[in-house]
**Student:** 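Have a look at the structure that comes next, please.
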2 protein chains.
Amino acid sequence: MREFKRKARVLLIDDNADHLRGVKELINIETSYDVVGTTTSANMGINLVKKYQPDLVLMDINMPEKDGLQAIQEIEKLELGTKIIALSGYDDADLIFRAMKIGAKGYVLKTMASAQLIYAIDEVLNGKVYLPSALSSRFFEYFQRTFKEESASRSEENLLDYLTTREEEVLDLLTQGNNYKAIAAKLFISETTVKTHVNNIFQKLQVNDRTQAVLYALNNGFANKVRAKISA
Amino acid sequence: MREFKRKARVLLIDDNADHLRGVKELINIETSYDVVGTTTSANMGINLVKKYQPDLVLMDINMPEKDGLQAIQEIEKLELGTKIIALSGYDDADLIFRAMKIGAKGYVLKTMASAQLIYAIDEVLNGKVYLPSALSSRFFEYFQRTFKEESASRSEENLLDYLTTREEEVLDLLTQGNNYKAIAAKLFISETTVKTHVNNIFQKLQVNDRTQAVLYALNNGFANKVRAKISA
DNA sequence: ATTGATTTAAATCTAAAGATTTAGAGAATC
DNA sequence: GATTCTCTAAATCTTTAGATTTAAATCAAT
C-alpha cells in the first residue's frame with residue numbers, strides 16, 4: 001500500500017499549534033512520508049503550497065482567520081495536482097459536502113483515531129478518494145436530500161407537462177437565449193407562429209414574459225426533461 | 001446491529017432467476033429478515049412494493065425489459081419510505097452516481113462477497129446509506145468531476161467579476177424575473193436608472209438582452225456569488 | 001486637488017416583445 | 001361525420017425593452 005518511488009511530501013495547515021505538532025510527529029513516526037512544512041496560517045499555507053508543491057495537504061477547515069474551505073479552493077485553482085484532506089472538529093453534513101464538492105480528496109475528524117488518519121493519507125496518496133464510512137453516510141444523506149427537492153418539486157404539478165412538443169421545442173430555444181427571429185429560423189416557421197407558441201407557453205406556465213418562462217423551465221427540470229426525451 | 005421490533009420485510013427484484021434464488025436463500029439462512037416476495041420483472045416488482053410495502057428492496061438495475069433505475073424512481077415516488085439497494089454487475093461510476101442520486105440507499109456489486117451484501121442490508125435497514133468503499137471512491141471521483149467543470153469555468157474569466165455592486169443587485173433582480181418597473185420600485189431608483197444599469201450589464205456580460213444576461217448569470221455561479229457575499 | 005469610477009437620471013429613438021383575435025389544415029379521438 | 005387538439009399564420013395594437021448620448025452628484029484614491 002505504502003510504496004512510492006520517492007517519499008511523498010506532506011504539508012500541514014492547522015491553526016492549533018499543538019494539534020499541528022501532534023500530527024507531524026504521528027506522520028514522522030508512523031509513516032515514511034516527509035512533512036515538508038507546517039503552518040498555522042491558511043494564507044501562509046497557500047504560499048507554502050506554491051513553494052514546495054507537496055503531494056498532499058492536510059487542511060484544518062475550522063480556522064478563525066481564513067476559511068479553510070476557501071483555502072482549499074485557492075489551492076485547487078493552482079492546478080498543481082495537490083491532494084487535499086480536510087481536517088475538522090465537526091461531522092457537519094454541510095461542511096463535508098462542501099469540502100468534497102470543491103475537490104477535497106478526504107475528510108477526517110480530529111477526534112478520530114490516528115490510524116484512521118494515516119489510512120486516509122495512504123488511500124488518498126494512492127489516488128483514491130477517502131471518507132470514513134461514518135462520514136460518507138452523512139454525505140450521502142445530504143446528497144440525497146439536495147437532489148430530492150428537485151424531483152419532489154417535479155412530482156407535484158409541473159406546468160411544463162401541459163406543453164405540446166412544439167411548445168417544448170420553442171421553450172428549449174428560449175432557454176438558450178434566442179429571440180423570435182432566431183427561433184423562427186431554427187424551426188423553419190414564421191416569426192408570427194413563434195409568437196403564437198410563445199404566448200401559449202406564457203399562458204400555460206402562468207408567466208408574463210420570456211425571462212420568467214425561462215426561469216420556470218430551468219427551476220422545474222426542463223433541461224433534464226428534454227434531454228431524457230432525446231436520449232429515449 | 002440486527003435487532004428489529006418486527007422482522008424486516010425484504011423484496012427481491014432480479015431478472016436472473018438463479019441469482020434471485022441464491023440471494024433469497026442467503027437472506028433466509030444468514031439473517032432474520034423475511035423475504036416477502038421475489039420477482040424477475042421490474043413492473044411486477046413495483047406492484048409487489050405497493051402490495052407488501054416492504055422495508056427494503058434489492059433491485060437489480062441491469063434488466064433488459066425495464067430499466068432498474070427507472071423502477072427505483074417509481075418506487076421512490078410512492079413515498080412509502082421503502083429503502084432500496086441497487087444490485088449491479090458493473091461498477092460504472094455513472095450508474096452508481098445515478099442510483100444514489102435518485103435515492104438508492106446502497107449499491108452492491110453482484111460479484112461481491114455475500115457478507116458484503118448482508119452488511120449493506122443491515123446498515124441500510126438501520127437507516128444508514130451504505131456504499132462499499134471501493135464504490136464510494138468511484139462515486140466521489142465522479143461527483144468531483146461533475147462539480148469541477150462548474151468551478152473551472154468559473155475560474156477562467158468570469159465576466160460577472162466586472163460588475164459593480166449596484167449592477168449585481170440589478171442582475172439579481174433580473175434573475176428573479178423582474179421588469180424595469182419592478183426593479184426600480186425595489187431599489188427605490190428611477191426606471192431610467194435601471195435601464196442604464198441594465199445596459200451596462202449587457203455590455204459587460206457581452207449579451208444582447210435580459211434573457212441572455214440571466215442565463216449567463218445562472219451558468220456562471222452568480223447565485224452562489226451573491227449568497228456568499230450576503231453570508232460573509 | 002484632480003482623476004477615475006460609481007450611481008443616479010433624463011431624453012430620444014428604434015426595435016423587439018407581448019396581447020388579442022381570427023383562421024385554415026391536418027391528425028386524432030369519439 | 002363531428003369534434004377537439006395541434007401547428008401554422010397574419011393583422012393589429014400596446015407596451016416593454018434596448019441603444020445612445022449627455023450629465024450631475026458622490027466617493028475613493030493618487
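Naming convention: chains lettered A, B, ... in sequence-line order (proteins, then strands); numbering from 1 in each chain.
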**Student:** Between A:Thr40 and A:Asp15, do the side chains contain an N or O donor and an N or O acceptor separated by less than 3.5 Å?
**Tutor:** no
**Student:** Mind checking if A:Ser190 touches a base, just sugar-phosphate, or nothing, with heavy atoms under 4.0 Å?
**Tutor:** sugar-phosphate
**Student:** Nearest-Å distance, CG (A:Asn178) to C1' (C:dA17)?
**Tutor:**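 Those two atoms, CG and C1', are 15 Å apart.
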**Student:** With a 3.5 Å distance limit and no angle check, can you tell me whether A:Asp209 reaches the backbone of A:Thr211 through a side-chain donor-acceptor pair?
**Tutor:** yes
**Student:** In terms of the angle between their ring planes, are A:Phe143 and A:Phe139 parallel, tilted or perpendicular, with boundaries placed at 30° and 60°?
**Tutor:** parallel
**Student:** Could you tell me how far apart B:Arg210 (CZ) and C:dA16 (P) are, to the nearest whole angstrom?
**Tutor:**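 So the CZ-P distance, B:Arg210 to C:dA16, works out to 15 Å.
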**Student:** Between P on C:dA15 and CZ on B:Phe202, what's the gap in Å once rounded to a whole number?
**Tutor:**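 Distance check: B:Phe202 CZ to C:dA15 P gives 17 Å.
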**Student:** Using heavy atoms to find the nearest nucleotide of DNA chain C for A:Glu191 and A:Thr196 separately, return the residue whose nucleotide is more 5′.
**Tutor:** A:Glu191
**Student:** Decide whether B:Thr193 and B:Ser190 meet the rule of one side-chain donor and one side-chain acceptor closer than 3.5 Å.
**Tutor:**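 Judged by distance alone, the side chains do pair up.
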**Student:** Tell me the interatomic distance from A:His197, atom NE2, to C:dA19, atom P, rounded to whole angstroms.
**Tutor:**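 The answer, rounded to whole Å, is 16 Å.
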**Student:** Only distances under 3.5 Å count here; give the side-chain donor-acceptor pairs of residues 91-99 of chain A to other protein atoms, sequence neighbours excluded, each with its distance to 0.1 Å.
**Tutor:**
{"unit_1": "A:Asp91", "atom_1": "OD1", "unit_2": "A:Arg138", "atom_2": "NH1", "d": "3.4"}
{"unit_1": "A:Asp91", "atom_1": "OD2", "unit_2": "A:Arg138", "atom_2": "NH1", "d": "2.4"}
{"unit_1": "A:Asp92", "atom_1": "OD2", "unit_2": "A:Asp94", "atom_2": "N", "d": "3.4"}
{"unit_1": "A:Asp92", "atom_1": "OD2", "unit_2": "A:Leu95", "atom_2": "N", "d": "3.0"}
{"unit_1": "A:Asp94", "atom_1": "OD1", "unit_2": "A:Tyr142", "atom_2": "OH", "d": "2.5"}
{"unit_1": "A:Asp94", "atom_1": "OD2", "unit_2": "A:Arg98", "atom_2": "NH1", "d": "3.2"}

**Student:** Contact boundaries of DNA chain D with chain B (under 4.0 Å, heavy atoms), 5' to 3'?
**Tutor:** D:dA17 to D:dT20
**Student:** Salt bridge or not for B:Lys110 and B:Asp14, using N-O below 4.0 Å?
**Tutor:**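 Result for this pair is yes, salt bridge flagged.
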**Student:** Please work out if A:Thr164 contacts a base, only the sugar-phosphate, or nothing of the nucleic acid, heavy-atom cut-off 4.0 Å.
**Tutor:**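 Here A:Thr164 touches the backbone only, sparing every base.
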**Student:** Between A:Asn199 and C:dG18, is there a contact of a side-chain N or O with OP1 or OP2 at under 4.0 Å?
**Tutor:** no
**Student:** Judged by each residue's nearest nucleotide on DNA chain C, which is more toward the 5′ side, B:Arg166 or A:Lys181?
**Tutor:**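 Its nearest nucleotide lies further toward 5', so the answer is B:Arg166.
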**Student:** Regarding A:Lys195, tell me which of base, sugar-phosphate or nothing describes its non-hydrogen contacts under 4.0 Å with the strands shown.
**Tutor:** base
